[in-house]
There are 2 protein chains.
Amino acid sequence: MVAAKPSLELVRSLTDEHVLRALMRHRRLTRAELAAETGISKPTAGESVRRLTERGLVADTGERTPGGRGRGRVGSYYALTAGTGVALAVSIAPEGIVAEAVDAYGDTVARACRPLDRPARPDQVAAALTAAAAELATATPRLAVVSAADPVDRATGRLIQLPDAPFLIGELDPVALLRPYVDGPVTVDNDVNWAARAEPGPTDFAYLYLGEGLGCAVVSDGEVKQGRTGLAGEIAHLLTVGPDNSAVRLIEVFGQLGLRQPDSTAIDVDRVLADSPTVRRSVGRAVSGAIAAIVALTDPELVVIGGSWGPPLLDDIAAAVADLPRRVPLRAATLTDEPALAGARADALHRLRAAIIGATT
Amino acid sequence: MVAAKPSLELVRSLTDEHVLRALMRHRRLTRAELAAETGISKPTAGESVRRLTERGLVADTGERTPGGRGRGRVGSYYALTAGTGVALAVSIAPEGIVAEAVDAYGDTVARACRPLDRPARPDQVAAALTAAAAELATATPRLAVVSAADPVDRATGRLIQLPDAPFLIGELDPVALLRPYVDGPVTVDNDVNWAARAEPGPTDFAYLYLGEGLGCAVVSDGEVKQGRTGLAGEIAHLLTVGPDNSAVRLIEVFGQLGLRQPDSTAIDVDRVLADSPTVRRSVGRAVSGAIAAIVALTDPELVVIGGSWGPPLLDDIAAAVADLPRRVPLRAATLTDEPALAGARADALHRLRAAIIGATT
DNA sequence: GCCTTCCAGGCAAGAGCCCTACCTAGAATT
DNA sequence: AATTCTAGGTAGGGCTCTTGCCTGGAAGGC
């Protein structure tokens, strides 16, 4: 809330910001088009282009306005240069690692995949992560945004194990691992949080992830709430109604119903999907208890159900939710193709653009 | 995220904002002190004072720098005028209504109280509210901020009844009632939310209110999360552990233990405080179930316990919380004297200042 | 009692940024 | 070949801020 210092430099940096944002939106523009697009006068736009060219952020593409357009003088197209750099978006999941390099236009300019054995040992995960990063680090990224399929400590970016909750990837410190390959900040967050950020929805909704692990992201006023350590939404030990009506933790319901993978804390998805209507009803009731808590505490407009077995059991969950004292609409997640990576990619783009703008000041 | 238009007018309004904020902080300053305080040059500061004087926001107080200070020329003290106006902060609770008028310095310049009968009928509450507002409306306030001891619909500002939850004040539309007395926006929120905003604490904590009603405010990244309709934190029907270990709604625990007021949905506070250790243990366990849900969903650094019977039962609650899978520190609320009004007052001040600054633009 | 010191406030000059208005160059059309 | 039309450049002016200097008046020192 502290107001910026009033100075002419502020005005100039604002002009440059407008020009850069216009180029990010439209990829290439002449100086006259820039002036029309930003509402800035032609001389000022031209001067800004000159400054940005000098800084190496913008360059004449060599292209000229095509003759067909108008009959006047040909204009020179300007565009962002390679000097604006790229950002890394990385997804770490039990299935494997996917890393992408995104430029300031939002284009994915490179992509590296590393499948993982199941279950993978932490050192294998670390090796796959650094290998993927190395493959993309030809142009050193200015920052990285990482999605991980486990609880993430907000302060350190490390993956952490919570009591009794599935731990799918294991001990890992993505910040330390990526630092050699990234020339800037590394942001890490839970995959459910990223998927929620990517999901189109209202400003206040909850994203319930039901897969091998259980997770939940709460979007409030358009932002994902992370909590103190970043563990908000770790609902595995939320109290709910068990098969025998007693109060049990959500994850224990799957133990009682025999739906956990052998020698693991993870849920056996195939068995959940194949089970009897009675069991599905029990699962639905248990999930509805979690939804009741989400509704009471965060008052979402909508609960989005994602994950591998959530949408298939949507009807069972909805039937149980109908008995709750406060109604809330449910919906299956619309984004099904790499939702967490999509969220991380969008944030990487946002941060990259902010870094480019900020470097102007 | 849209950057402001780059213009010299922007710079000028920023200068005026700096001057106004300096005067809000220090009450009265000479032009030379203003320049030193804001970091702006003397001629610019003097020019800004001239503009603001012309707008009627600032005036020469007539005071001169006291001889004792320095030996140079005497300076003229400038201060905000009555033209900056006042804001109203109002608390609506079962005990009564308190309204305060706050000026841009944060001083309470007037206060009106109207006690209420228990239980009060909604029309009596409305009459008391308008009477209190009328008493303070000598200088028409520029805005009002209202705290109400019932769930508040975020969109309309109306008090609303939730199924099975205590409804202490009843149907009321503070926005409509105050509109004749206030020349600007009227903001309404739940008393627990206001108390949480006033409570000194970390950026991520939960405020659990345990009194006649049950409430909870979640502060995430320093802001109270309200949810879609403003009903986030209405925890009365959160699932928890009942006296017989079955899963029941939190408010029903008090029914099962015979701790609700006759013919009312409210909790009988005196009986809670006077009851046996066994009952206190049951209450503590039920509350710990709610805390478990709060921890799982919002990951607070700390849970602050407020309300009339919360702090006295802190030990019983803490004992039950110690058995939870995830630990969280508890603390009694530090602000005990009109905490909700304090929060509303702080917000009224904040909004009044923003209105004064914004009017400059 | 007079002189020096010190500071609030005002004035002048200058630099930076943006805008309007006009000019110029060069390609397409007539 | 003349005209039309548009991108880009130039000139001048207005606005805001800053630095540097001057002025007036009160307190303190001799």
Side-chain angles (χ1 to χ4, degrees), chain A residues 3-19 22-23 26 28-54 58-79 360-361, chain B residues 3-19 22 26 28-54 58 60-79 360-361:
Chain A
K5 195 171 146 201
S7 73
L8 295 181
E9 189 191 324
L10 204 213
V11 176
R12 191 186 53 204
S13 75
L14 239 38
T15 299
D16 289 351
E17 173 168 351
H18 272 93
V19 169
L23 286 175
H26 294 94
R28 73 204 219 299
L29 294 168
T30 67
R31 277 165 285 192
E33 287 169 343
L34 267 171
E37 181 67 26
T38 59
I40 291 168
S41 70
K42 273 196 297 174
T44 303
E47 184 61 17
S48 176
V49 167
R50 194 198 54 71
R51 275 195 301 268
L52 294 171
T53 304
E54 208 166 61
V58 160
D60 188 335
T61 61
E63 299 169 289
R64 297 294 173 256
T65 46
R69 164 131 74 76
R71 32 182 172 162
R73 174 177 173 179
V74 292
S76 310
Y77 278 118
Y78 286 83
T360 309
T361 313
Chain B
K5 196 173 147 200
S7 74
L8 295 181
E9 188 191 325
L10 203 213
V11 176
R12 191 184 55 205
S13 76
L14 239 38
T15 300
D16 289 352
E17 173 169 350
H18 272 92
V19 169
H26 294 92
R28 69 203 221 301
L29 294 167
T30 67
R31 277 165 285 193
E33 287 169 343
L34 268 170
E37 181 68 27
T38 58
I40 291 168
S41 71
K42 274 196 298 172
T44 303
E47 185 62 16
S48 176
V49 167
R50 195 198 55 69
R51 275 195 302 267
L52 295 171
T53 304
E54 208 166 60
V58 159
D60 188 335
T61 61
E63 298 169 291
R64 297 294 173 258
T65 46
R69 162 131 75 79
R71 28 183 176 163
R73 173 177 174 180
V74 291
S76 308
Y77 277 119
Y78 286 81
T360 309
T361 313

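A, B, ... follow the sequence lines: proteins, then strands. Residue 1 opens every chain.
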- Could you tell me whether the phosphate oxygens of C:dA8, OP1 or OP2, come under 4.0 Å of any side-chain nitrogen or oxygen in B:Arg64?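 Looking at the OP1 and OP2 atoms of C:dA8, neither is under 4.0 Å from any side-chain N or O of B:Arg64.
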
When the distance from [atom1] of [X] to [atom2] of [N] is rounded to whole Å, what number comes out?
{"X": "B:Leu34", "N": "C:dG9", "atom1": "CG", "atom2": "C1'", "answer": "13 Å"}
{"X": "B:Tyr77", "N": "C:dC7", "atom1": "OH", "atom2": "P", "answer": "14 Å"}
{"X": "A:Glu33", "N": "D:dA7", "atom1": "CD", "atom2": "P", "answer": "7 Å"}
{"X": "A:Arg73", "N": "C:dA25", "atom1": "CZ", "atom2": "C1'", "answer": "5 Å"}
{"X": "B:Leu29", "N": "C:dA8", "atom1": "CG", "atom2": "C1'", "answer": "14 Å"}
{"X": "B:Glu37", "N": "C:dA8", "atom1": "CD", "atom2": "C1'", "answer": "17 Å"}
{"X": "B:Leu10", "N": "C:dC18", "atom1": "CG", "atom2": "P", "answer": "12 Å"}

Show the distances under 3.5 angstrom between N or O atoms of the protein and N or O atoms of nucleotides 12-19 of chain D.
residue	atom	partner	partner atom	Å
D:dT16	OP1	B:Arg12	NE	3.4
D:dT16	OP1	B:Arg12	NH1	2.3
D:dC17	OP1	B:Thr15	OG1	2.3
D:dT18	OP2	B:Ser41	N	3.0
D:dT18	OP2	B:Ser41	OG	2.7
D:dT18	OP2	B:Thr44	OG1	3.1

- Message: If you define the side chain from C-beta out and look only at heavy atoms, does anything of B:Glu33 sit under 4.5 Å from B:His26?
- Response: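 No, every pair of side-chain atoms sits at 4.5 Å or beyond.
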
- Student check: side-chain heavy atoms of A:Glu54 and A:Arg51 closer than 4.5 Å: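 A side-chain contact under 4.5 Å is absent here.
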
- Task: Report the residues that fulfil side-chain contact (heavy atoms from CB on, under 4.5 Å) with B:Ala32, sequence neighbours left out, ordered by chain and then residue number.
- Result: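 Partners of B:Ala32 by the side-chain contact (heavy atoms from CB on, under 4.5 Å) criterion, ordered by chain and then number, come out as B:Thr30.
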
- Query: For B:Ile40 and B:Ala45, which heavy atoms make the closest approach, and how far apart are they?
  - Reply: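 Minimum heavy-atom separation between B:Ile40 and B:Ala45: CG2-N, 3.8 Å.
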
- How close do A:Ala22 and A:Glu37 get, heavy atom to heavy atom, and via which atoms?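 Closest approach of A:Ala22 to A:Glu37, heavy atoms only: CB-CG, 4.0 Å.
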
Quick check for you: to the nearest 0.5 Å, what is the distance between [X] atom [atom1] and [Y] atom [atom2]?
{"X": "B:Thr38", "Y": "B:Asp16", "atom1": "OG1", "atom2": "CG", "value": "11.0 Å"}
{"X": "B:Asp60", "Y": "B:Tyr77", "atom1": "CG", "atom2": "OH", "value": "12.0 Å"}
{"X": "A:Leu23", "Y": "A:Leu34", "atom1": "CG", "atom2": "CG", "value": "5.0 Å"}

- Task: Take A:Leu10 and B:Leu14, measure what side chain to side chain contact (heavy atoms under 4.5 Å, CB included) needs, and give me the verdict at the end.
- Result: CA-CA 11 Å; A:Leu10 204 213; B:Leu14 239 38; 3.5 Å; yes

Would you list the protein and nucleotides 1-5 of chain C atom pairs, both N or O, that sit under 3.5 Å from each other?
none

